[in-house]
Amino acid sequence: MNRYMVSHPWQILRKKLRLYQLSMDIIMMNRVCKMFRQGLRGFREYQIIETAHRKHPIFSFWDKRKQGRITFDTMDFVAESGHFPPRAIQIAQKQPAWRAEHEIQSLCNLLQVLDSYRNYSEPLQLLLAKVMRFERFGRRRVIVKKGQRGNSFYFIYLGTVAVTEDEDGSSAFLDPHPTLLQKGSCFGEMGSLSSTVRRATVVCMEETELLVVDREDFMANKLDEEVKKDAQLRFEFFRKMDLFHSWSDETLWKLVVLGKVEKFSYGQLISKDFIESSSIMFVCEGICEVLRLIDLESSPFYHKWIWEHLQLIDDGPPNIHLKDLSPVERFKEFQIRSYPVQDFSFLKLLHLQKAQEQEGSSFSRKIKTSGNTLPKTFGSKIKSRCSHLIKCPMIQTKYGDLPKEAAVGAYMKIHTVEQGEVLGLHQILLPESQQDTRPLILVSLGAEVIRIRKEKFCELLDSNTIEKLSKFSIKYPSDEDLCQRFLKENNWNIFRKDLVRLLVEPRWRPPFTPIQPKKKGTYNPRTVTLDLYSLDKKTKRRHAIFMAPQKYLPPLRIVQTIIAPRYKIQELLPQYKNAGVLM
Ligand SMILES: Nc1ncnc2c1ncn2[C@@H]1O[C@@H]2COP(=O)(O)O[C@H]2[C@H]1O
């Protein structure tokens, strides 16, 4: 095998090229799937609302059975984004007996975006669409009150409500982590059962649009049986858990009514800090990920790593002519042009520009910088190698200056919680002083979760369960360890990418060079013509990567793709100027 490879290096190149092409195809397919997945979430609604918004078509056809023309004006279902469409409101305001069959069907189609509605069988969906009415409430409006007899059951079409233990719902606005229900969820099922009162208060956190099913319709459509079926499923789920072996059925039923199954789509944020939320999460379906947002700036290793990446590998100026270099030198060249997590390319450009100027030549593009002078190095080893000063905006940290661009945080996955596992139990018995209180983010990878308040859960604990819990411990790595893992993985990623580039890309075509149409030469052997017109035309010089315009430089590196609440990073760590890095 080895001999074969040595004697035919071009074949290796071809193989690598195929591998490269295959990886590119996989990446592309992944992206397409991701787009589909995101698109599908609102697909049915989109069909009705968006196309109508653009073209306003009216569909019309002759119905043979009814011997009449049926028209469907798509403008009927246009709504302000996210709101319940006015035409659908009109239908939902009619008496059930007055709703035409096609109106019920349209309503039913529109409501497919609601998870809790879609879960019902199709005949039941139609029955519900026939009887439900529309209601809109403002912020702070209490919809159901704890302890009262319930008259209705609700689907949330728009907005967010909070479930609270007090009667007026005010605690939801003081609690940093209230129990929230959003679009697609339903509530009020317990109070709609004949024998029970409302278990909790539900209050609107913002303007909320609801579809309401009255108690008589609830019972007439046998929805109470669906509710009982759900409760039975929760019971069976808990019954299977080793933790509850010692629990009597009666105690277990007490646990069952404390929470209900909530569905979270792929990438949806379940809790931005489940440690502080004082809830326990039972994962009954799918997978969740626990993420930690680490402050890279506060790690000395990160400082060192950034500065190492920002300095030139060789003392001398970079050699932009890639020809006649030994493979090792060539690899170094590639390494110079690799970028760490963020797009620090402009910082590298500065280094390279200086080096180039020292050599007598200059870059055609000046890089815009402002602010302080970049200190030469971090640490003595690097100091001796780097001899020129460059300018870029800096921020001061306890380990010295850091380019502003590099002051970022990173989401690190620290735990994957699978079906049948529980979160929030690992330090339930520890005194507060010994607990790890670092905020931990919980993200769904398409999970169904039962959320139960910790204090309610603790009320049900018996000695047997306490003993089991005392043995149950998870130790999450420290931030410093996470930072080192992050750097290690990034180093590996950069190295791997450089190596692939080195092996599969032709020498004379540096990576990320904008694709240009092939210049016709003066003499084109294919057409056998001599093009005199292009004689005095200058051929455009191909730029090496570090001279390429910024927009062609590689963007943010994502080490492990997850859809995390990236936009939250500034909210969670306000000192960051940048949106952060995904890990
Ligand atoms: N822990 C919980 N998680 C989600 N929803 C809840 C929780 N507790 C109560 N609810 C909902 O809040 C509603 C209050 O009125 P009901 O008791 O009729 O029905 C209740 C449930 O639908």
Side-chain angles (χ1 to χ4, degrees), residues 114-117 119-120 128 135 137 141-157 159-172 175 177-205 208 210-219 223-231 233-235 237-238 252-264 268 270-271 274 277-285 422-424 442 444 447-460:
L114 309 183
D115 280 337
S116 53
Y117 180 82
N119 280 345
Y120 293 125
L128 285 172
E135 299 256 17
F137 297 115
R141 168 73 188 256
V142 174
I143 305 167
V144 305
K145 219 173 203 179
K146 186 175 175 177
Q148 289 193 342
R149 254 182 74 82
N151 284 323
S152 307
F153 169 62
Y154 304 83
F155 292 98
I156 307 174
Y157 189 83
T160 309
V161 299
V163 180
T164 68
E165 288 293 316
D166 57 353
E167 275 190 16
D168 63 355
S170 55
S171 64
D175 185 351
H177 300 279
T179 305
L180 299 177
L181 301 176
Q182 272 148 347
K183 179 172 183 161
S185 302
C186 60
F187 61 89
E189 70 285 353
M190 298 308 289
S192 302
L193 298 175
S194 52
S195 55
T196 41
V197 289
R198 298 288 192 200
R199 254 190 310 131
T201 298
V202 178
V203 61
C204 297
M205 298 302 280
T208 305
L210 301 167
L211 289 150
V212 190
V213 179
D214 288 328
R215 188 144 167 253
E216 305 78 64
D217 298 321
F218 185 88
M219 301 305 270
L223 275 176
D224 54 329
E225 282 175 19
E226 299 289 326
V227 173
K228 283 177 193 155
K229 231 192 274 169
D230 282 350
L233 285 176
R234 268 177 280 153
F235 180 84
F237 169 76
F238 287 136
L252 209 56
W253 273 110
K254 283 186 190 161
L255 181 70
V256 167
V257 295
L258 286 180
K260 59 181 196 174
V261 177
E262 294 174 64
K263 277 192 177 183
F264 294 90
Q268 195 179 344
I270 300 174
S271 172
F274 80 82
S277 75
S278 27
S279 293
I280 298 164
M281 320 264 185
F282 295 87
V283 182
C284 30
E285 199 74 66
V422 201
L423 260 178
L442 191 63
S444 155
E448 289 182 15
V449 172
I450 302 173
R451 216 189 311 214
I452 289 173
R453 303 288 292 186
K454 232 178 237 175
E455 68 274 9
K456 295 262 171 194
F457 178 77
C458 287
E459 284 169 16
L460 299 174

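Note: hydrogens, waters and symmetry copies are ignored here, and every other heavy atom, side chains too, is used. When a ligand or atom number is given, it counts from 1 through the structure's own listing order.
Listed here is the closest heavy atom pair of Cys204 and Ile143: SG-CD1, 3.4 Å.
Side chain of Asp214 to main chain of Glu216: no donor-acceptor pair is present (N/O by atom type, distance under 3.5 Å, no hydrogens or angles). Side chain of Ser116 to backbone of Gly184: a donor-acceptor contact under 3.5 angstrom is found.
The pair Lys260-Glu189 meets the salt-bridge criterion, since a charged nitrogen lies less than 4.0 angstrom from a carboxylate oxygen. Checked for salt-bridge contact, Lys146 and Glu167 miss the test: no charged N lies under 4.0 Å from a carboxylate O. Taking the charged nitrogens against the carboxylate oxygens, Glu135 and Arg141 have no contact shorter than 4.0 Å, which rules out a salt bridge. Between Glu459 and Lys456, no side-chain nitrogen of the basic residue sits less than 4.0 Å from a carboxylate oxygen of the acidic one, so the salt-bridge criterion is not met.
Considering backbone and side-chain atoms together, Gly191 places an N or O closer than 3.5 Å to an N or O of ligand 1. Polar contact check, Arg198 against ligand 1: a nitrogen or oxygen pair lies under 3.5 Å apart.
Set against the non-hydrogen atoms of Phe187, the atoms of ligand 1 under 4.0 Å away are 22 (O). Set against the non-hydrogen atoms of Gly259, the atoms of ligand 1 under 4.0 Å away are 1 (N).
Nearest protein neighbour of atom 12 (O) of ligand 1, counting heavy atoms only, is Val202 CG2, 3.7 Å. Looking only at protein heavy atoms, the nearest one to atom 10 (N) of ligand 1 is Val163 CG1, 3.8 Å. Closest to atom 14 (C) of ligand 1, if we only count protein heavy atoms, is Ala200 O, 3.4 Å. With hydrogens left out, the protein atom closest to atom 3 (N) of ligand 1 is Thr179 CG2, 4.0 Å, a heavy atom. For atom 22 (O) of ligand 1, the closest non-hydrogen atom on the protein side is Glu189 OE1, 2.8 Å.
Ligand 1 has Leu258 within reach: a non-hydrogen atom of the residue lies less than 4.0 Å from it.
The residue Lys146 has no part lying near ligand 1, judged by heavy-atom distances below 4.0 Å. At a heavy-atom distance under 4.0 Å, no atom of Thr201 approaches ligand 1.
Comparing Gly147, Gly188, Cys186, Ser152 by heavy-atom distance to atom 13 (C) of ligand 1, the nearest is Gly188. The heavy atom nearest to atom 4 (C) of ligand 1, out of those in Arg199, Lys260, Lys456, Met190, is found in Lys260.
Annotation: the span from Phe153 atom CZ to Asp224 atom CG amounts to 11.0 Å, rounded to 0.5 Å.
You'll find the side chain of Phe155 reaches within 4.5 Å of the side chain of Val213, heavy atoms only.
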